[in-house]
2 protein chains.
Amino acid sequence: MSERQPTEYYSNPSHVNAAKTITDALNQVRTLIVVGECTIKYQGRASSELGSGERIIFIKEDGSFLVHRAWDSQPVNWQPPGCIFQTKSTKRGVLLKAIRKKPRESIEILFSKVFIILVLNLRDEAEFIMFGSEEDMQRAVLAKPELIEEGFKPILKEKVVDQGFVDVYGVDNQGRILAIELKRRKAQVQDVVQLLKYLEDIKRKSAGKPVRGMLAAPSISKEASVMIQTKGLEFKTLSPKTCAEVLKLTSSKKITEFI
Amino acid sequence: MSERQPTEYYSNPSHVNAAKTITDALNQVRTLIVVGECTIKYQGRASSELGSGERIIFIKEDGSFLVHRAWDSQPVNWQPPGCIFQTKSTKRGVLLKAIRKKPRESIEILFSKVFIILVLNLRDEAEFIMFGSEEDMQRAVLAKPELIEEGFKPILKEKVVDQGFVDVYGVDNQGRILAIELKRRKAQVQDVVQLLKYLEDIKRKSAGKPVRGMLAAPSISKEASVMIQTKGLEFKTLSPKTCAEVLKLTSSKKITEFI
DNA sequence: GAGTGGATTTCGCAT
DNA sequence: ATGCGAAGTCCACTC
C-alpha cells in the first residue's frame, strides 16, 4: 500500500515530541501548521512583542513563516520566504526561531502548550491565472486603441521620460501627442501629479508641439477630478473588467508586436 | 468536566459531513482550517482562476478568508474581514462561497476532497506592541531634537501644508526654518520629490525667509542622494532602531505635550 | 462614506 | 544587488 499520505496529525504532544515532530517536518520540507499557546518576539526592521495567547503558525515549503491570530486577515508576525528555523524543547516550553539574513531579522516563539501539529505534503501543480491588472489594461489599449478614442494610434508602450514611464503614449487623430496614465482603481490626486510630471518632461522634449495628457481609470476621486480640470488634462473612464474582456476576445497576452 | 475544548479535528469527512461541520463552525463563529483538494475562482476587483490542487483555507472569527498554497507568504486568494459564507455539499464536492459586498466580490471554492477540518476556539487577549514605526521616529525626534542636530527646536508636529504634511517642522540654531521628512526605510527619489513639494508650499508662505529641507532616514538610494545635492537639500542618517531606543528611555509614547 | 499616506508593506521587473 | 512602481495591495486615520 503506497498511497501518498498528504496529512499527519498530532494532538497535544509533549514538548519534547512537539519539538521533534516540528524538526522532522522541517527537515523533510513539509508544510506545517502548529496551533498552541505562545508568546512571540520579533526583532528586525522593527521590533514587536506579543504576550501569551493561542495562535496558529504556518511554515511553508519555501521557508515562509506566518503567525495568525483568530482575527485579522493579515498575520500578526511573519517572515518572508527563505528563512531558517531552529526548534528545541526547553524547560519553559517549545522554542521556535525563524531567522532571516539580509536584512537580519528573527522571530522567536515560545509555546507553553502545543494543541495540534499538522504536517502536510501538498500536491499543487496548477497555474494561477489573474485578469484585470494594470498591465492587462495596457495590453488591451494597445490591442484596441479605440478603447481610448477613435483614431488613437499608440506609438510606444511605456515611453521613458526623466524618471519613470508613461503607461501608453501615442498620437490622436489630429496628430497631437497623447500621453496616457492608466489606473486599475479609482484615480487619486497623486496619480494626476504623476501624469503632470511626465507631461512636463514630454513637453520639454517635444519642442512646443501640442501634447494631451489623459488619465484612464474606472473612476476618479473628486479632488483628482478638480485637478484634472484645472490643469487642462482629460479623464477617460476605463475599467479593468472591460480590458480583461477585450483581452479574452483578442486572446493575446502578448504585446511584443506593439513594442 | 467543563474544560474548554480549544480544538476539534475531523479527518477525511464525507462531503455531506464536511459541509455540515463547516456550516456549524461558521455559525458558532469559530476559527476554521480546512485542508483539501480544490479549485478556486475569484470575481471582483479583478478575477482569477486556479485549477485543482491541494491547499489550506482559513476562515477567522471576523470573517477573514484566506487560501494558502504550500509556498509564498501571501495567500493566493483571500477576502478581507466581514465577508459572508455559503457552504453546501454538491455532486461535484463541497462548495464554499465567500462573498463581500462593497466592493462586490466573491470567491468560490469547490473541494473535490476534504482531508482535514480543524475547528478552533482560540483564547487570545494579549496586546500586540510594535516599536520602530515612522510615527515612533517622529515621537523620538520631538522628545529628543538633538537626534537631528544641536539646537534644533521643533515647533509643530505635522505642520499642515497644501496637500499633506511635513513630518517634523521647527527652527534651527540660527533661526532658519527646518522642515524634515522622516522615512523608516531607505529614502527613495519619490521621498525627495515629496519633500520638495512641501518646501515649495512652506517657502511660498514664509515670505522669503530661509528654509532648510531635510530628509532623515536610515539610508538613501544613490539617485535620491544625487537629487538631494542638486536641489540644495540635506540628508540625515536616522534609524528607526535608534528612535525606538530613545523612546524606551524617555518612556513616552505620548506626544500630546508637543502639539 | 470618501480621501490620503504608511507598511516589518510584498512582489516582480529592469538596471 | 539595487531601484522603482504596482498591488484584488491592506490598514488606520481624517474629513
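A note on names: the letters A, B, ... follow the listed sequences, proteins ahead of strands, and every chain is numbered from 1. Only heavy atoms go into these numbers, but all of them, side chains included; no hydrogens, no water, no symmetry mates.
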> Would Lys60(A) count as a cation-pi partner of Phe65(A), with NZ or CZ less than 6.0 Å from the six-membered ring centre and within 45° of the ring normal?
Replying inline: no

> So which one's nearest nucleotide on DNA chain C is more toward 5', Lys102(B) or Glu181(B)?
Replying inline: Lys102(B)

> Say you pick atom P in dT4(C) and the same atom in dT8(C); how far apart are they, in whole Å?
Replying inline: 23 Å

> For the rings on Phe58(B) and Phe58(A), is their centre-to-centre separation under 6.0 Å?
Replying inline: yes

> Within this structure, what is the CD1-to-P distance between Ile220(A) and dT4(C), rounded to whole angstrom?
Replying inline: 10 Å

>> Let's see if you can work this out: which of dG8(D), dA6(D), dT10(C) has an atom nearest to the side-chain heavy atoms of Arg100(B)?
In response: dG8(D)

> To the side chain of Phe128(B), which of dG3(C), dG8(D), dT8(C) is closest?
Replying inline: dT8(C)

> Hey, does the side chain of Thr230(A) reach the backbone of Val226(A) with a donor-acceptor pair shorter than 3.5 angstrom?
Replying inline: yes

>> Nearest whole Å is fine: how far is dA14(C) P from Glu135(A) CD?
In response: 9 Å

> With no hydrogens and no angle check, do the side chains of Glu181(A) and Tyr198(A) hold a donor and an acceptor under 3.5 Å apart?
Replying inline: no

> Could you give the CZ-to-C1' distance, from Arg185(B) to dG5(D), as a whole number of Å?
Replying inline: 12 Å

>> Rounded to whole Å, how long is the line connecting atom NZ of Lys222(B) with atom P of dA1(D)?
In response: 16 Å

>> Using the side-chain heavy atoms of Arg45(B), tell me which of these nucleotides is nearest: dT9(D), dG6(C), dC4(D).
In response: dT9(D)

> With sugar-phosphate meaning primed atoms plus P, OP1 and OP2, does Gln190(B) contact a base, only sugar-phosphate, or nothing at under 4.0 Å between heavy atoms?
Replying inline: nothing

> Atom OH of Tyr198(B) and atom C1' of dG5(C): how far apart are they, to the nearest Å?
Replying inline: 8 Å

> How is Gln43(B) classified with respect to the nucleic acid when contacts are heavy atoms under 4.0 Å: base, sugar-phosphate, or nothing?
Replying inline: nothing

>> Among dG3(C), dA2(C), dT10(C), which nucleotide has an atom closest to any side-chain atom of Ser73(B)?
In response: dT10(C)

> Looking at the side chain of Trp78(A), which of dC11(D), dT10(C), dA7(D) is the nearest nucleotide?
Replying inline: dT10(C)

>> With nearest nucleotide decided by heavy atoms, which residue, Glu223(A) or Gln74(B), maps closer to the 5′ end of DNA chain C?
In response: Glu223(A)

> So, Ser64(A) versus Asp72(B): side-chain donor-acceptor pair below 3.5 Å or not?
Replying inline: no

> Within less than 4.0 Å of OP1 or OP2 of dT8(C), is there a side-chain N or O belonging to Ser47(A)?
Replying inline: no

> Closest approach of Lys183(A) and Pro218(A), non-hydrogen atoms and distance?
Replying inline: O-CD, 3.2 Å

>> Categorize Lys183(B) for me: base, sugar-phosphate, or nothing, with a 4.0 angstrom heavy-atom threshold over every strand shown.
In response: sugar-phosphate

>> In this structure, how many angstroms lie between the P atom of dC10(D) and the CZ atom of Phe65(B), rounded?
In response: 15 Å

> Lys186(B) has a side chain; which of dC11(D), dG3(D), dT10(C) sits nearest to it?
Replying inline: dG3(D)

> Of the nucleotides dT4(C), dT8(C), dC11(C), which one has an atom closest to the side chain of Tyr42(A)?
Replying inline: dT8(C)

>> Starting the side chain at C-beta, find the nucleotide from dC4(D), dG3(C), dA7(C) nearest to Gln188(B).
In response: dC4(D)

>> The side chain of Glu134(B) is closest to which nucleotide in this list: dT8(C), dG6(C), dG8(D)?
In response: dG6(C)

>> Between P on dA7(D) and CG on Asp136(A), what's the gap in Å once rounded to a whole number?
In response: 9 Å

> dA14(C) and dG8(D): how far apart are their C1' atoms, nearest whole angstrom?
Replying inline: 24 Å

>> Heavy atoms from C-beta onward define the side chain here; which of dG8(D), dC11(D), dA7(C) lies closest to that of Arg184(A)?
In response: dG8(D)

>> Whole angstroms only, please: what is the CD-P distance between Gln194(A) and dT4(C)?
In response: 15 Å

